[in-house]
Amino acid sequence: MKPLRLRGILSLCLFFIIAGVPFQLQAQPPVIIAVMPFEINAEKDMDFLQEGLMDMLNSRLTWQGRVNPVEKTQVKSILSQVEDFTGQSRAIMAGTILEADYVLYGSITMIDTHASIDANIVDVTGKAGMLPFSKQVSGIGNVIPEINRFATDINEAVFKRPVVRQYYETDQTRQTQSGQTPFGGAFIMADSDQSGSSRAGQVGSVPNQGFEYIGQNQTQENYWQSSEFDYRIRGIAIGDVDKDGTNETIVISDHAVITFRGDSSRFIQIEEIHKSRIDRYVSVDVADINGNGIPEIFVTALNGDRDEVKSFVLEYDGRKYQKIAEKMEWYFRVVDKSGTPMLLGQSHRRRDDIYSAPIHQMVYRNSEYQPENIMIPGKKTNVLGVAYGDLTGDGSKEFVVFDKNDHIRIMNENGGERWKTPEQFGGNTNHFIAPTQKPTDPGIYHFFPLRLILADTNKDQQNEVITAVNMEASLSMLHRIKMFDKGHIESLFWNGAGGLAKYWKTPPMKGYVSDFAIGDFDNDGTVELVMAVIQNDEVVLFQAPAAGWSDTVC
């Protein structure tokens with residue numbers, strides 16, 4: 001009987017092994033993706049580009065046995081059935097008809113020699129969020145390489161496909177590789193005259209001899225330039241966020257929060273402390289608001305559709321950065337209040353514009369950031385474009401704000417307007433998309449204002465308004481598109497006659513300034529002005545013009 005029992009046991013074991021092999025190796029059905037024709041907005045016939053993009057994307061996204069694109073002719077055959085829908089609704093409807101798992105859709109707008117790319121891949125089942133992509137490039141020849149990068153992102157992030165990234169050479173990278181950087185050489189950190197001479201006096205009164213005193217021709221370029229980044233820098237802030245005695249530079253890209261440390265010759269990435277595949281990051285600030293001695297990192301963020309605010313707060317706990325508040329429907333900006341940081345917040349409901357709500361002082365109470373005093377009434381400005389302090393030198397405090405048309409307005413603490421610049425400053429590509437009453441109508445774009453800072457750069461006991469000035473590449477701009485071909489930082493001072501006058505400015509730079517900060521960037525005991533410059537939305541440069549002033553930001 002024993003041999004029979006043994007054979008029975010062996011047969012049972014062999015059955016499970018044989019039965020298990022087909023189960024373990026059984027191939028999953030391939031993922032189906034439908035690539036929709038891109039909407040092309042251009043004065044010339046661009047059908048060739050639409051066809052080329054579909055062919056290229058179908059080829060790049062094909063993964064034998066894993067990912068199968070729907071035939072191009074089959075996709076086109078159902079377009080008439082979804083013509084009453086737009087955007088994500090149109091994509092999901094098309095994907096449902098085609099029985100696809102994912103749909104890739106997008107648009108390209110050509111203005112003069114510039115192209116704006118907006119694309120998305122959406123999960124038809126709704127189990128996963130979207131993977132948005134937007135880019136502004138110079139010349140139609142740079143469209144295909146950027147779409148190819150998006151295809152690489154999709155393969156890597158959505159389909160978990162191992163990829164080898166290819167970075168395409170542009171005119172800018174060729175220039176850099178040849179040893180001729182866009183700004184005439186690497187930044188050179190340099191001290192400047194700290195005599196505190198009059199604003200109306202000599203060129204030596206500007207905080208950096210590389211800056212141009214308005215009305216004077218000052219061409220020396222005292223700059224230090226970092227290496228290039230392969231992502232867009234959306235915001236920067238400086239502070240000792242890990243309490244190690246040295247400042248970190250906090251950088252946000254579209255989807256990541258990254259810490260860096262600079263010294264006299266290097267700018268080194270420390271770590272990527274937070275990342276989202278879907279949410280879009282808009283602005284960043286650093287301050288100890290909860291009073292525990294560790295500065296928090298306030299990140300203003302939007303959802304993937306850019307129609308809801310989903311801000312969050314990070315704080316270092318001694319080992320890593322923890323999210324101590326999240327999914328907050330508030331825009332945040334930190335300003336200085338008599339030497340103490342003050343957090344301003346502005347709430348946002350989905351169908352409002354970005355200016356509707358009043359701006360509050362935010363306090364930390366009961367383990368939450370809560371609104372307290374109303375500092376600026378509603379419909380005046382967006383909090384991302386607000387600075388606060390004594391601008392006139394008489395001891396009173398003013399709010400310096402951007403209005404919705406990028407004019408700078410001076411307001412008293414009661415919300416009354418004191419003065420308005422006749423010309424525009426700022427200029428930003430970051431935007432909120434307000435939904436319309438009809439789902440088929442395109443959303444309304446609200447462009448966020450850039451940062452404003454009050455600082456005394458020449459030690460005369462009077463603050464100046466520090467602002468970026470980005471010049472639009474075309475005068476015939478669409479309401480949904482903003483493109484800039486050059487930008488600089490400018491200083492304005494209260495001239496005593498009831499208005500702001502121009503004081504100094506940095507030399508113009510190709511591209512646009514996406515954000516700037518003032519602080520001890522390289523931990524040398526001297527305050528610097530630091531700019532993030534995006535060139536044609538292709539190459540991101542991190543610039544730190546050396547500033548010689550030693551006062552803290554006011």
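Quantities reported herein were computed from a predicted structural model and do not represent experimental measurements.
With a 4.5 Å cut-off on side-chain heavy atoms, Val103 and Ile92 do not count as touching. Using a 4.5 Å heavy-atom threshold, the side chains of Phe133 and Asp118 count as separate. Using a 4.5 Å heavy-atom threshold, the side chains of Val257 and Tyr321 count as separate. Looking at Asp254 and Tyr231, their side chains never come closer than 4.5 Å, going by heavy atoms from C-beta outward. Using a 4.5 Å heavy-atom threshold, the side chains of Glu248 and Tyr316 count as separate. At least one side-chain heavy atom of Leu61 sits under 4.5 Å from a side-chain heavy atom of Asn155. Using a 4.5 Å heavy-atom cutoff, the side chains of Arg333 and Ile359 are not in contact. Two residues are said to be in side-chain contact when any heavy atoms from C-beta on lie closer than 4.5 Å; Asp520 and Ile238 fail this criterion.
Exactly one of Glu490, Glu423, Gln424 qualifies for a side-chain contact (heavy atoms from CB on, under 4.5 Å) with Val469. That residue is Glu490.
Between the side chains of Ser514 and Arg232, no donor N or O sits under 3.5 Å from an acceptor N or O. In this structure, a donor-acceptor pair under 3.5 Å is present between the side chains of Asp353 and Ser356. Tyr512 and Thr429 share a side-chain donor-acceptor pair at under 3.5 Å.
One finds the CG atom of Leu492 at 8.5 Å from the CD1 atom of Ile410 (value rounded to the nearest 0.5 Å). For the atom pair OH of Tyr388 and CE of Met342, the computed distance is 5.5 Å after rounding to the nearest 0.5 Å.
Counting all heavy atoms, side chain and backbone alike, Glu296 lies closest to Ile289 at OE1-N, 2.9 Å. The minimum heavy-atom distance between Ala532 and Ile233, with the atom names listed, is CB-CG2, 3.6 Å. Residues Phe150 and Ala119 approach most closely at CE2-CB, 3.6 Å, considering heavy atoms. Heavy atoms only, all atoms of each residue included: Ile354 and Phe447 are closest at CD1-O, 3.6 Å. In terms of heavy-atom proximity, Met362 sits nearest to Phe332 at CE-CE2, 4.2 Å. Nearest heavy atom pair, residue Arg280 against residue Ser134, reads NH2-OG, 3.1 Å.
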Show the numbers, then the answer: is there a side chain to side chain contact (heavy atoms under 4.5 Å, CB included) between Leu53 and Ile144?
CA-CA 7 Å; Leu53 288 176; Ile144 294 293; 3.4 Å; yes
Given side chain to side chain contact (heavy atoms under 4.5 Å, CB included), test Tyr105 with Gln88 step by step and report yes or no.
CA-CA 8 Å; Tyr105 65 100; Gln88 183 180 356; 3.6 Å; yes
For a side chain to side chain contact (heavy atoms under 4.5 Å, CB included) check, start with the C-alpha distance between Ile433 and Asp305, then their side-chain angles and the critical distance, and finish with the verdict.
CA-CA 7 Å; Ile433 303 177; Asp305 287 337; over 6 Å; no
For side chain to side chain contact (heavy atoms under 4.5 Å, CB included), just list the numbers for Ile466 and Ile489, CA-CA rounded to whole Å, side-chain angles, deciding distance to a tenth of an Å, and then say yes or no.
CA-CA 7 Å; Ile466 314 299; Ile489 298 291; 3.6 Å; yes
Which is it for Arg409 and Thr381 under the side chain to side chain donor-acceptor pair (under 3.5 Å) test, yes or no, and what are the steps along the way?
CA-CA 9 Å; Arg409 295 174 182 260; Thr381 184; over 6 Å; no
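Ring geometry for Trp330 against His360 counts as perpendicular: the plane angle is over 60°, on a 0 to 90° scale with 30° as the lower cut. A perpendicular orientation is assigned to the rings of Tyr331 and Phe448, their planes being inclined by more than 60° (bins at 30° and 60°).
Judged as a ring pair (Phe, Tyr, Trp, His ring centres under 6.0 Å), and not counting sequence neighbours, the contacts of His274 are Phe312.
Under the 3.5 Å distance criterion, the side-chain polar atoms of Thr300 are left unmatched by any main-chain donor or acceptor of Ser311. Proximity of a side-chain donor or acceptor of Asp317 to a complementary backbone N or O of Arg319 within less than 3.5 Å is detected. The main-chain N or O of Asp279 is found under 3.5 Å from a side-chain atom of His255 such that the two form a donor-acceptor pair. Remark: the backbone N or O of Ile270 is not paired with any side-chain donor or acceptor of Thr259 at under 3.5 angstrom.
The residues Lys243 and Asp288 are annotated as not salt-bridged, no charged nitrogen and carboxylate oxygen being separated by less than 4.0 angstrom.
At most 12 non-hydrogen atoms from other residues, nucleotides or ligands lie less than 6.0 angstrom from NZ of Lys327. With a 6.0 Å radius and a threshold of 12 heavy atoms from other residues, nucleotides or ligands, Gln361 has its CD atom above the threshold. Counting heavy-atom neighbours within 6.0 Å of Lys323 NZ, excluding the residue itself, gives a total above 12.
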